[in-house]
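Step one of this worksheet: look at the structure below.
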Amino acid sequence: MIINTGNRTDIPACYSTWFYNRIKEGYVLVRNPYAPSQITKYVLHPEVVDAIVFCTKNPAPMFPGFTSLSAYETFWSVTITPYGKDIEPYVPDMRQVMRSFQKLSEMACVRKVSWRYDPVFITESCPVDFHIRQFQKMAQTLKGYTKQCVVSFLDLYEKTKRNFPKARTVAWQEQLELITAMAGIAAENEMQIHLCCESGSLVRDHVDADGCLSKEILEQAIGCKLTVPKKKTARDACACLLGADIGAYNTCGHGCLYCYANEDRQTVLHNMKCHDPHAPLLIGSVRETDTIREAEQKSWKENQLNIFDFLGT
């Protein structure tokens with residue numbers, strides 16, 4: 001099975017100490033966001049955890065304890081965008097994150113790290129040509145440290161409209177212009193662009209619409225075939241192996257205006273005050289009215305692949 005740390009919050013950036021404590025204890029408790037009295041217990045043993053997927057805007061806090069992950073297969077999806085503090089107020093400067101990305105690639109392996117340029121949106125200060133210029137600079141900096149980049153366009157959820165009224169979605173002609181330019185830049189920098197929940201009409205050389213974490217991407221990362229049970233995803237267009245998310249909504253400290261996982265800053269700050277790095281739950285503690293169930297866990301691994309299959313990919 002796959003353990004995911006980043007769909008609901010940024011655990012590597014905000015809760016790395018807690019995560020390493022969970023690895024040491026060998027299990028984690030996760031509260032169901034839609035049925036809060038229901039808690040699931042996941043065992044964090046390499047025998048049943050085929051890979052841990054980290055999605056983050058800042059991997060650096062994970063570096064001090066990195067050797068604790070040596071028994072696990074990992075995949076790292078790092079979002080690096082060129083937006084300023086007015087949009088991403090608590091995200092480190094992109095140059096700092098790119099340096100951390102380079103270090104992560106050297107520590108983990110090139111095929112286990114992916115760059116996310118996401119979400120793409122249009123504002124007065126971020127027109128199409130801005131994205132093309134920034135994407136080129138960033139791709140040149142990250143060349144040789146990753147072979148892939150995930151690109152997706154902003155979805156205007158109601159909370160996003162409320163928190164980020166200046167942003168607008170990217171029109172179809174703008175998408176075509178952006179992806180055409182990005183494809184050429186990706187080719188120059190030995191990268192493949194993976195579109196996340198976007199139209200197949202945008203597919204071309206160096207661009208596919210297979211998603212950010214397809215079965216094939218993860219198999220290449222861990223060097224092993226996977227037999228994955230069929231499971232309905234929250235988004236019909238998404239075929240990614242998102243796995244079991246151990247995070248919690250309304251807990252990410254980055255404060256990005258476009259965030260779909262946070263309602264507002266006040267709620268986030270309140271929840272962060274309820275965090276105990278030694279507790280099995282990310283936020284709060286187990287209550288008398290809670291029900292804890294053991295997750296059904298088993299490995300999805302088949303036969304080991306030959307590492308030479310991935311040389312040059």
Side-chain angles (χ1 to χ4, degrees), residues 1-59 61-62 65 68-69 71-77 79 159 212-213 218 226 228-235 238 240-254 259-263 267-300:
M1 70 167 299
I2 310 300
I3 292 291
N4 189 301
T5 71
N7 278 33
R8 299 172 183 168
T9 193
D10 191 333
I11 288 176
C14 303
Y15 304 102
S16 60
T17 300
W18 174 83
F19 179 80
Y20 282 130
N21 284 336
R22 291 298 90 219
I23 290 292
K24 183 179 179 180
E25 293 292 330
Y27 77 98
V28 63
L29 298 183
V30 183
R31 192 176 295 280
N32 186 329
Y34 309 107
S37 64
Q38 298 177 12
I39 294 175
T40 302
K41 179 180 179 180
Y42 294 100
V43 173
L44 299 178
H45 290 167
E47 292 80 7
V48 293
V49 175
D50 299 315
I52 304 175
V53 176
F54 296 96
C55 301
T56 182
K57 292 178 182 290
N58 179 20
M62 295 291 290
S68 298
L69 301 174
Y72 300 86
E73 296 288 353
T74 61
F75 185 83
W76 301 78
S77 182
T79 298
K159 65 182 72 175
C212 59
L213 191 64
L218 196 54
L226 298 171
V228 182
K230 291 184 178 180
K231 183 178 180 181
K232 183 177 177 58
T233 61
R235 301 174 69 180
C238 180
C240 294
L241 304 184
L242 300 181
D245 196 321
I246 63 172
Y249 291 119
N250 292 305
T251 62
C252 182
H254 292 311
C259 182
Y260 66 86
N262 287 347
E263 288 288 343
T267 302
V268 171
L269 292 176
H270 170 77
N271 286 337
M272 292 181 78
K273 289 180 181 179
C274 298
H275 170 69
D276 177 357
H278 300 285
L281 284 164
L282 182 64
I283 302 298
S285 57
V286 178
R287 302 184 290 250
E288 290 185 3
T289 55
D290 290 334
T291 300
I292 301 176
R293 72 170 184 88
E294 302 266 351
E296 295 183 8
Q297 296 178 252
K298 65 178 182 178
S299 174
W300 298 340

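Everything quoted here is computed from the prediction, not taken from an experiment.
Proximity of a side-chain donor or acceptor of Asn271 to a complementary backbone N or O of Asn250 within less than 3.5 Å is detected. Although no hydrogens or angles enter the test, the distance criterion places a donor-acceptor pair under 3.5 Å between the side chain of Asp245 and the main chain of Arg8. Of the possible donor and acceptor atoms, none in the side chain of Tyr15 sits under 3.5 Å from a partner among the backbone N and O of Gly247. The backbone N or O of Ile39 lies less than 3.5 Å from no partner atom in the side chain of Arg31, so there is not a single donor-acceptor pair.
In this structure, OG on Ser37 lies 8.0 Å from CZ on Arg287, to the nearest 0.5 angstrom. To the nearest 0.5 angstrom, Leu282 atom CG is 10.5 Å from Thr5 atom OG1. Taking CG from Leu269 and SG from Cys274, the interatomic distance works out to 11.0 Å, rounded to the nearest 0.5 Å.
For the pair Ala13 and Pro61, the tightest heavy-atom approach, listed with the atom from each and the gap, is O-CG, 3.7 Å. Pro12 and Cys55 get closest at one heavy-atom pair: CD-O, 4.0 Å. For the residue pair Thr17 and Pro277, the shortest heavy atom distance occurs at CG2-CB, 4.2 Å. Among all heavy-atom pairs drawn from Asn32 and Tyr34, the shortest one is OD1-N, 2.8 Å. Taking each heavy atom of Val43 and Val48 in turn, the nearest pair found is O-CG2, 4.1 Å. When all heavy atoms of Leu29 and Leu281 are compared, the closest pair comes out as O-CD2, 3.4 Å.
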List the steps and the verdict of side chain to side chain contact (heavy atoms under 4.5 Å, CB included) for Phe75 and Ile2.
CA-CA 10 Å; Phe75 185 83; Ile2 310 300; over 6 Å; no
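Every residue meeting the salt bridge (charged side-chain N to carboxylate O under 4.0 Å, His left out) condition with Glu263, not counting sequence neighbours, appears here in chain and number order: Lys159, Arg162.
Taking the six-membered ring where the residue is Trp, Trp18 and His275 present perpendicular rings, their angle passing 60° and hence far from 30°.
You'll find the side chain of Leu69 reaches within 4.5 Å of the side chain of Phe19, heavy atoms only. Looking only at side-chain heavy atoms (C-beta outward), Leu218 and Leu213 come within less than 4.5 Å of each other. Contact of the Val28 side chain with the Ile3 side chain is not registered, since no non-hydrogen atoms from C-beta on lie closer than 4.5 Å.
The side chain to side chain donor-acceptor pair (under 3.5 Å) pairs that include a residue from residues 40-57 are Asp10-Thr56, Asp50-Ser299, Lys57-Tyr258, where partners are two or more places apart or lie in different chains.
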